[in-house]
Amino acid sequence: MKPDGFAGTLLAWYRQARRKLPWRQTSDPYAILVSEFMLQQTRVSVVEPYFRRFLKRFPDAASLAAATDAELLAHWAGLGYYSRARNLRQAAEAIAASGFPRSSEALRRLPGVGEYTAAAVASIAFGEPVPAVDGNVLRVMARVTNDAGEIAVPATRKRLAAEAAVRLDASHAGDFNQALMELGATICLPRNPQCLLCPVLGHCEARACGTQDSLPVKASRSTAIRQEVSLVVVKRGTDLLLRQRDRDAGRLAGFWELPSPGDLPGNPALRPLGTFRHAITRYQYTVTVSSAVLRTTPAGWAWVSAGALPDLPITTMTRKALALAHSPLC
DNA sequence: AATGCGGGGAC
DNA sequence: GTCCCAGCATT
């Protein structure tokens, strides 16, 4: 590998610029797998505390395989994309039973492990020379090769992945992949790339052409969908009226949720407490929170002690609603 | 090829 | 407000 080629220059930069992240302090494949699951569509800064807490509680595949559903979700609550947690536990069950898969091909068979995650774990944990192509790498390679193809199109992604593969330093695959991602996360940013700080500035065709700010090309996005949601906080002493969603409900399965007015029998009086906004992907919710007093317990609903809430899987929207209800008003 | 899936941070 | 993040599974 030529030290002044693309990979050599990138690796030299990475070795002095790399952030000290918790999953970079270990060579345990299980820990690396956990980090990659959490990092799917989730920023490094968000994952860090979750990762530490999760590994403290589930230090190995066997302990995770034995976790209860509630405790698993409680440790994931707030991270989003909760099917990741279930897939990760299923993967842990397979690992506890049959050992850790040592190739990207074998990793790919684990639930929740796609092309990227398989390549990332195989290269970082085992040095397998495969490119790990995430959003960062697509952006970096689109600029380095001045590729004006639309980033969501499979043909474009294949082309950019091939460009990454050509530049891969096979004897340092893990560091090379992490270096490309690190570059995308800290220098080659989606907006306002810091080209003057870039170690591979001289290898970048977009920079040479002045097109770096308009790459990668992305399809126009559909507009936001606005919806109104009403939630009711019903108290009985220090207990709250909650319901746990079905374990096999596709969406937010196993999470505890607050009732809506339609869930309450007898059309009780609602006392408005306030509103807040909550956005998930393309949906923007205006959430109205009220309180109500109830004499009976609706079928399917339960009284949960407020003190038990921290240990239960609760979505961020529910958390916000409860926080509003526990403001000085109540 | 399109869509669902959470949430948050940067601008 | 919009964008986009160390994506994956399903249709």
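Chain naming here is simple, since letters A, B, ... match the order of the sequence lines and numbering starts at 1 in each.
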Look at all strands and tell whether A/Gly184 reaches a base, only sugar-phosphate, or nothing, counting heavy atoms closer than 4.0 Å. nothing
Taking any heavy-atom pair under 4.0 Å as a contact, classify A/Arg139: base, sugar-phosphate, or nothing. sugar-phosphate
Length of the line joining A/Asp134:CG and C/dA6:C1', which is rounded to integer Å: 5 Å
Once you round it to whole Å, what is the distance between P of C/dC5 and CG of A/Leu189? 11 Å
I want to verify a distance call: between B/dG6, C/dC8, C/dA6, whose nearest atom is closest to the A/Met181 side chain? C/dA6
Closer to the 5' end of DNA chain B via nearest nucleotide, is it A/Ala155 or A/Ile314? A/Ala155
Just one of A/Ile314, A/Asp239, A/Leu312 clears the side-chain contact (heavy atoms from CB on, under 4.5 Å) bar with A/Val304, so which one? A/Leu312
Could you check whether A/His75 and A/Tyr50 have their ring centres less than 6.0 Å apart? no
Taking the side chain of A/Gln40 as its heavy atoms from C-beta onward, which of C/dC8, C/dC4, B/dG6 lies nearest to it? C/dC8
Under 4.0 Å between a side-chain N/O of A/Ser83 and OP1 or OP2 of B/dC5, yes or no? no
To the nearest Å, how far apart are A/Leu79 CG and C/dC5 P? 17 Å
Closest approach to the side chain of A/Tyr82, judged atom by atom: which nucleotide of C/dT2, C/dA6, B/dG7 is it? B/dG7
Tell me which nucleotide among B/dA1, B/dG7, C/dA6 gets nearest to the side chain of A/Pro154. B/dA1
May I ask you to verify whether the side chain of A/Arg84 and the base of C/dC8 hold a donor-acceptor pair under 3.5 Å? no
Is A/Val113 touching bases, backbone alone, or none of the nucleic acid, heavy atoms closer than 4.0 Å? sugar-phosphate
From the options C/dC8, B/dG6, C/dT2, select the nucleotide whose nearest atom is closest to the side chain of A/Thr117. C/dC8
Separation of atom CG in A/Leu39 from atom P in B/dG7, rounded to whole Å: 18 Å
Before giving the answer on side-chain contact (heavy atoms from CB on, under 4.5 Å), spell out for A/Trp23 and A/Val44 the whole-Å C-alpha distance, their side-chain angles and the decisive distance to 0.1 Å. CA-CA 10 Å; A/Trp23 45 90; A/Val44 164; 4.0 Å; yes
From CZ of A/Phe176 across to C1' of C/dA6 the rounded distance in Å is 15 Å
Think A/Ser45 has a side-chain N or O under 4.0 angstrom from the OP1 or OP2 of B/dG8? no
Would you say A/Lys218 reaches C/dC4's phosphate, i.e. side-chain N/O to OP1/OP2 under 4.0 Å? yes
Should the side chain of A/Tyr81 and the base of B/dG6 be counted as holding a donor-acceptor pair, with the cut-off at 3.5 Å? yes
Minimum heavy-atom distance A/Ser290-A/Leu270, with the two atoms named: CB-CB, 4.0 Å
Quick one: on DNA chain C, does A/Gly112 or A/Glu36 contact a more 5' nucleotide (nearest heavy atom)? A/Glu36
Separation between the C1' atoms of B/dT3 and C/dA6, rounded to whole Å: 22 Å
Quick test of your reading of the model: are A/Glu163 and A/Arg159 salt-bridged, counting only N-O distances below 4.0 Å? no
Rounded P spacing from C/dT10 to B/dG6 in Å: 15 Å
Assign each of A/Val46 and A/Ala152 the nucleotide of DNA chain B bearing its closest heavy atom; nearer the 5' end lies the nucleotide of A/Ala152
Candidate nucleotides C/dT2, C/dA6, C/dA9, ranked by approach to the side chain of A/Arg108 - the nearest: C/dA9
Looking only at side-chain atoms of A/Arg19, point me to the closest of C/dC8, B/dA10, C/dA6. C/dA6
Regarding the side chain of A/Asn136, the nearest nucleotide among C/dA6, B/dA10, C/dC4 is C/dA6
Interatomic distance, A/Glu257 CD vs B/dG6 P [rounded to whole Å]: 13 Å
Counting side-chain heavy atoms from C-beta on, which of C/dG7, C/dC4, C/dA6 comes nearest to A/Trp23? C/dA6
Compute whether any side-chain donor of one residue and acceptor of the other, for A/Tyr116 and A/Glu36, lie under 3.5 angstrom apart. yes
Does a distance-only test, which skips hydrogens and angles, find a donor-acceptor pair under 3.5 Å between the side chain of A/Thr315 and the base of B/dG7? no
Sub-6.0 Å ring centroid separation between A/Tyr82 and A/Phe255: yes
When the distance from CZ of A/Phe37 to C1' of B/dC5 is rounded to whole Å, what number comes out? 15 Å
What's the CG-C1' distance between A/Leu183 and C/dA6, to the nearest Å? 14 Å
